[in-house]
2 protein chains.
Amino acid sequence: METQWLTEDERAAWLRLVAVVELLPGVLDSQLRADARLTHFEYFVLAMLSEAPERTLRMAVLAQRTNATLPRLSHVVRRLEGRGLVERFPCPEDGRATNARLAAAGWDAVVAAAPGHVDAVRSHVLEPLTPAQVKQLRGIGDALLTRLDPDGRLSGLYDPDRAHENPS
Amino acid sequence: METQWLTEDERAAWLRLVAVVELLPGVLDSQLRADARLTHFEYFVLAMLSEAPERTLRMAVLAQRTNATLPRLSHVVRRLEGRGLVERFPCPEDGRATNARLAAAGWDAVVAAAPGHVDAVRSHVLEPLTPAQVKQLRGIGDALLTRLDPDGRLSGLYDPDRAHENPS
DNA sequence: CTGAATTAGTTGTTGCTTCAACTAACACTC
DNA sequence: GAGTGTTAGTTGAAGCAACAACTAATTCAG
């Protein structure tokens, strides 16, 4: 089968997307590391817990919301627990499961880190864009995620209306 | 100073971008690892060399083009050299510099990997988008990169017209 | 109720990235 | 031409992520 190469428009769009995907994580990570001693992923874990009922989530659910594998999450939560930001306890309903709950210090950390993080997002991502481009970006994101995240594993993040689709 | 929070449009766009940035690297990496035994970054290094004159680039230039730190590139090129895909030799003009040249096996690897990679890019990124969205993405990418890459370190990638701005 | 299969998590190993320290070569000044 | 500073690159150590192997609890078939 003949490979179909990219048009000029496609190549231009693709190269820019690659560059953004390559650069953005570093920018976010640096800001959070410097200001809050947290990696972006750790911040994300804490943020997801902070928005959950009882600030508590089962490890498997938390892994889905953060797009992490269970081993990765297990290591990270162990370290966060060691720093007193999170607590783990066995789930009463299911002996196999473990619940992760945001500790008071973890809540404080999220509250302290959020403003700086939002500022970074605003200055690096939102401000360079026109309001029209922000809307376009939402549409493009939706389109891409139908392919990148067909099961909607992260949908709780970007579309609250669909959150109920993962009731587990 | 009061933190300015995000509007609904901004939050929606931002959350989708985060999800894309989180998911896309994994998709690209998996495809290349499975089909070509290459990480996305390794592929990128080989691809940049394949497009350079003499298939040769100085380490520092290659680092800029691939958005890598010099230590990172040094490690990666050493491993690629160990696999016979790249050769290193001292730069004749500048005793401090090292040139990296794509070896024959490296060229073969790029040629073998490119079609599958392009297919992956097409099916995961380009096909879900309308032609209008592809154009929008280019514009959004340009806007974001003015902030993420103000010095145009990667500009050689996404805008050949600006490549001369880094004559070093 | 017993045994097989599935689900939930943890742990250990390996590999890659980053940071810091270092060497070597060039450039510029006096 | 000696000394200082800068540039190019390598190396080693530390930390995080991916993968595989493992334990333990639940479910389901018969």
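Letters A, B, ... mirror the listed sequences (proteins, then strands); counts begin at 1.
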Could you state the [atom1]-[atom2] distance from [X] to [N], rounded to the nearest angstrom?
{"X": "B:Leu73", "N": "D:dT11", "atom1": "CG", "atom2": "C1'", "answer": "14 Å"}
{"X": "A:Leu38", "N": "D:dG15", "atom1": "CG", "atom2": "C1'", "answer": "15 Å"}
{"X": "B:Asp29", "N": "C:dT17", "atom1": "CG", "atom2": "P", "answer": "9 Å"}
{"X": "B:Phe89", "N": "D:dA8", "atom1": "CZ", "atom2": "P", "answer": "17 Å"}
{"X": "B:Met59", "N": "C:dT23", "atom1": "CE", "atom2": "C1'", "answer": "16 Å"}
{"X": "A:Leu62", "N": "C:dT10", "atom1": "CG", "atom2": "P", "answer": "11 Å"}
{"X": "A:Arg83", "N": "D:dC16", "atom1": "CZ", "atom2": "P", "answer": "9 Å"}
{"X": "A:Glu42", "N": "D:dA17", "atom1": "CD", "atom2": "C1'", "answer": "12 Å"}

Is any side-chain heavy atom of A:Ser50 closer than 4.5 Å to a side-chain heavy atom of A:Val111?
-> no
Which nucleotide in the set [options] lies at the smallest distance from any side-chain heavy atom of [X]?
{"X": "B:Arg88", "options": "C:dG9, D:dA25, D:dT10", "result": "D:dT10"}
{"X": "A:Leu70", "options": "D:dA17, C:dT18, C:dT10", "result": "C:dT10"}
{"X": "A:Pro71", "options": "D:dG9, C:dA25, C:dT10", "result": "C:dT10"}
{"X": "B:Arg79", "options": "C:dG9, C:dC16, D:dT10", "result": "C:dC16"}
{"X": "A:Arg96", "options": "D:dA8, C:dT18, C:dT6", "result": "C:dT6"}

Examine A:Arg65 relative to A:Phe44 and say whether NZ or CZ is less than 6.0 Å from the centre of the six-membered ring and inside a 45° cone about the ring axis.
-> no
So does A:Arg72 get a side-chain nitrogen or oxygen closer than 4.0 Å to the phosphate oxygens (OP1/OP2) of D:dC16?
-> no
Look at the side-chain N and O atoms of B:Arg78 and state whether any lies under 4.0 Å from the OP1 or OP2 oxygen of D:dG9.
-> no
Residue whose nearest DNA chain C nucleotide is more 5′ - A:Asp94 or B:Pro92 | A:Asp94
First encountered from the 5' end of DNA chain C, between A:Arg33 and A:Asn99 = A:Asn99
Taking all heavy atoms of B:Ser123 and all of B:Pro128, pick out the closest pair and write down the distance.
-> O-CD, 3.7 Å
Would you find a donor on one side and an acceptor on the other, under 3.5 Å apart, between the side chain of A:Ser74 and the backbone of A:Leu70?
-> no
Remember a base hit wins even if backbone is also touched, and classify B:Ser74 as base, sugar-phosphate or nothing at under 4.0 Å, heavy atoms.
-> base
Hey, which sits more toward the 5' end of DNA chain D by its nearest nucleotide, A:Glu93 or A:Val76?
-> A:Val76
Name of the residue among B:Arg138, B:Arg122, B:Lys135 meeting side-chain hydrogen bond (donor to acceptor under 3.5 Å, both in side chains) with A:Glu10 = B:Arg122
Is there a donor N/O on one and an acceptor N/O on the other, under 3.5 Å, for the side chain of B:His75 and the base of D:dG12?
-> yes
